[in-house]
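What follows is one structure encoded as structure tokens, with my remarks underneath.
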Amino acid sequence: MTTELKVEQLFDKVIRDRHSVRKYDPTWKISNEEIKELLGEAILAPSSSNLQPWRFIVINDQALKEQLLPIANNQQQVVDASAVIAVLGDVEAYRNAETIYDQAVDAGIMPLEVRDMMVNHISKGYPSMGPEKLKEIALVDGGLISMQLMLAAKARGLDTVPMGGYNAEAFREMFQIPQRYATVMLIALGKAAVEGRNSVRLPLEDVTSWNGFQV
């Protein structure tokens with residue numbers, strides 16, 4: 001009981017202490033191994049049919065960050081943060097269904113007949129949804145993993161800021177990203193030079209309806 005309470009208190013601190021940080025210590029660097037550990041925690045996020053459409057580009061080469069700066073509307077955190085993580089969403093993630101569900105069978109967590117049912121459902125259902133719906137799914141799942149990434153970073157004492165203000169087409173061209181992958185957001189990652197500002201939230205009763213929608 002004591003352990004469970006401690007975990008809840010730690011999570012409460014993480015979600016309340018996380019703020020968007022836009023000023024970073026440019027001398028502080030995170031190692032590739034630490035980034036891998038962080039991403040390893042992020043990919044535990046849920047996704048539609050467990051298809052895990054997220055893909056990441058880790059940008060920690062300073063010269064590349066300098067090139068990215070004008071594409072990201074000259075937001076200084078792009079060059080001062082230790083890394084920028086681009087989150088992409090694979091709109092054709094359904095093509096990986098067999099691989100993912102075969103792994104579940106091999107791990108002993110899914111019967112073969114369930115695997116066959118799911119793969120059949122996905123391979124027939126997802127392609128018929130159309131490109132807009134598939135992109136919508138990829139963006140929703142990309143949002144889920146982006147938030148998980150930022151919370152995982154804060155739990156490790158790191159700071160982040162999500163960025164949607166960038167030229168997506170120029171970004172795609174810079175990194176030669178195929179059309180199969182939707183751009184979700186950029187996330188600056190590093191150590192704050194100046195703490196993020198506190199912000200207010202609308203009252204819960206203003207954003208919550210019960211058993212129906214109320215304006």
Side-chain angles (χ1 to χ4, degrees), residues 18-32 34-36 38-40 42-43 45 47-48 51-96 126-127 129-154 158-194 196-197 199:
R18 188 218 62 81
H19 301 292
S20 292
V21 168
R22 291 177 174 81
K23 295 184 183 297
Y24 289 84
D25 177 356
T27 67
W28 187 87
K29 302 300 178 185
I30 185 172
S31 69
N32 288 352
E34 289 174 305
I35 293 176
K36 288 178 183 178
L38 180 60
L39 293 175
I43 61 174
S47 61
S48 176
L51 291 177
Q52 307 161 52
W54 40 71
R55 299 293 182 270
F56 307 106
I57 303 175
V58 178
I59 308 160
N60 57 3
D61 178 86
Q62 193 62 30
L64 273 180
K65 290 193 292 177
E66 295 286 350
Q67 291 179 46
L68 180 58
L69 182 62
I71 292 174
N73 298 328
N74 294 309
Q75 297 178 78
Q76 188 63 27
Q77 63 264 25
V78 168
V79 290
D80 287 347
S82 185
V84 175
I85 299 177
V87 182
L88 310 176
D90 183 1
V91 299
E92 297 180 17
Y94 60 85
R95 297 183 182 276
N96 300 318
Y126 275 73
M129 291 180 181
E132 288 303 314
K133 182 61 179 179
L134 291 173
K135 183 178 180 180
E136 178 185 317
I137 292 171
L139 292 177
V140 168
D141 290 346
L144 288 171
I145 199 165
S146 295
M147 190 71 250
Q148 182 133 323
L149 172 59
M150 289 185 284
L151 290 176
K154 192 60 190 177
L158 304 174
D159 298 290
T160 58
V161 61
M163 293 178 284
Y166 64 99
N167 185 324
E169 286 307 312
F171 179 82
R172 300 183 74 92
E173 183 176 349
M174 177 178 175
F175 288 95
Q176 295 296 293
I177 300 170
Q179 288 300 313
R180 170 173 171 169
Y181 301 95
T183 54
V184 179
M185 68 180 73
L186 305 178
I187 300 176
L189 170 68
K191 277 283 188 181
V194 178
R197 294 179 180 177
S199 56

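The model shown is predicted, which means the values in this text are computed figures rather than measured ones.
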Neighbour count >12 (heavy atoms, 6.0 Å) for atom CD, Glu173:
no

Inspect the surroundings of NZ in Lys29 and state if more than 12 heavy atoms from other residues, nucleotides or ligands are less than 6.0 Å away.
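Check passes, neighbour count above 12.
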
Spatial distance of atom [atom1] ([X]) from atom [atom2] ([Y]) [nearest 0.5 Å]:
X: Asn96; Y: Leu51; atom1: CG; atom2: CG; result: 7.5 Å
X: Lys36; Y: Phe56; atom1: NZ; atom2: CZ; result: 14.0 Å
X: Gln62; Y: Leu68; atom1: CD; atom2: CG; result: 11.0 Å
X: Thr160; Y: Leu149; atom1: OG1; atom2: CG; result: 7.0 Å
X: Phe171; Y: Ile177; atom1: CZ; atom2: CD1; result: 4.5 Å
X: Gln77; Y: Asp159; atom1: CD; atom2: CG; result: 12.0 Å

Minimum heavy-atom separation for [X] and [Y], please, with both atom names.
X: Tyr166; Y: Asn73; value: N-ND2, 3.8 Å
X: Ile145; Y: Val87; value: CG2-CG1, 4.1 Å
X: Leu189; Y: Ile35; value: CD2-CG1, 4.4 Å
X: Tyr94; Y: Pro127; value: CE1-CG, 3.6 Å
X: Pro53; Y: Ala138; value: CG-CA, 4.4 Å
X: Leu38; Y: Ala153; value: CD1-N, 3.3 Å

Before giving the answer on side chain to side chain contact (heavy atoms under 4.5 Å, CB included), spell out for Asn60 and Asn32 the whole-Å C-alpha distance, their side-chain angles and the decisive distance to 0.1 Å.
CA-CA 9 Å; Asn60 57 3; Asn32 288 352; 2.9 Å; yes

Is any side-chain heavy atom of [X] less than 4.5 Å from a side-chain heavy atom of [Y]?
X: Trp28; Y: Ser82; answer: yes
X: Arg180; Y: Arg95; answer: yes
X: Leu88; Y: Thr183; answer: yes
X: Met150; Y: Ile187; answer: yes
X: Gln179; Y: Arg172; answer: yes
X: Met163; Y: Val78; answer: yes

Ile137: which of Asp141, Leu139, Val140 passes side-chain contact (heavy atoms from CB on, under 4.5 Å)
Asp141

Can Lys133 and Glu136 be said to form a salt bridge (charged side-chain N to carboxylate O under 4.0 Å, His left out), step by step?
CA-CA 5 Å; Lys133 182 61 179 179; Glu136 178 185 317; 3.1 Å; yes

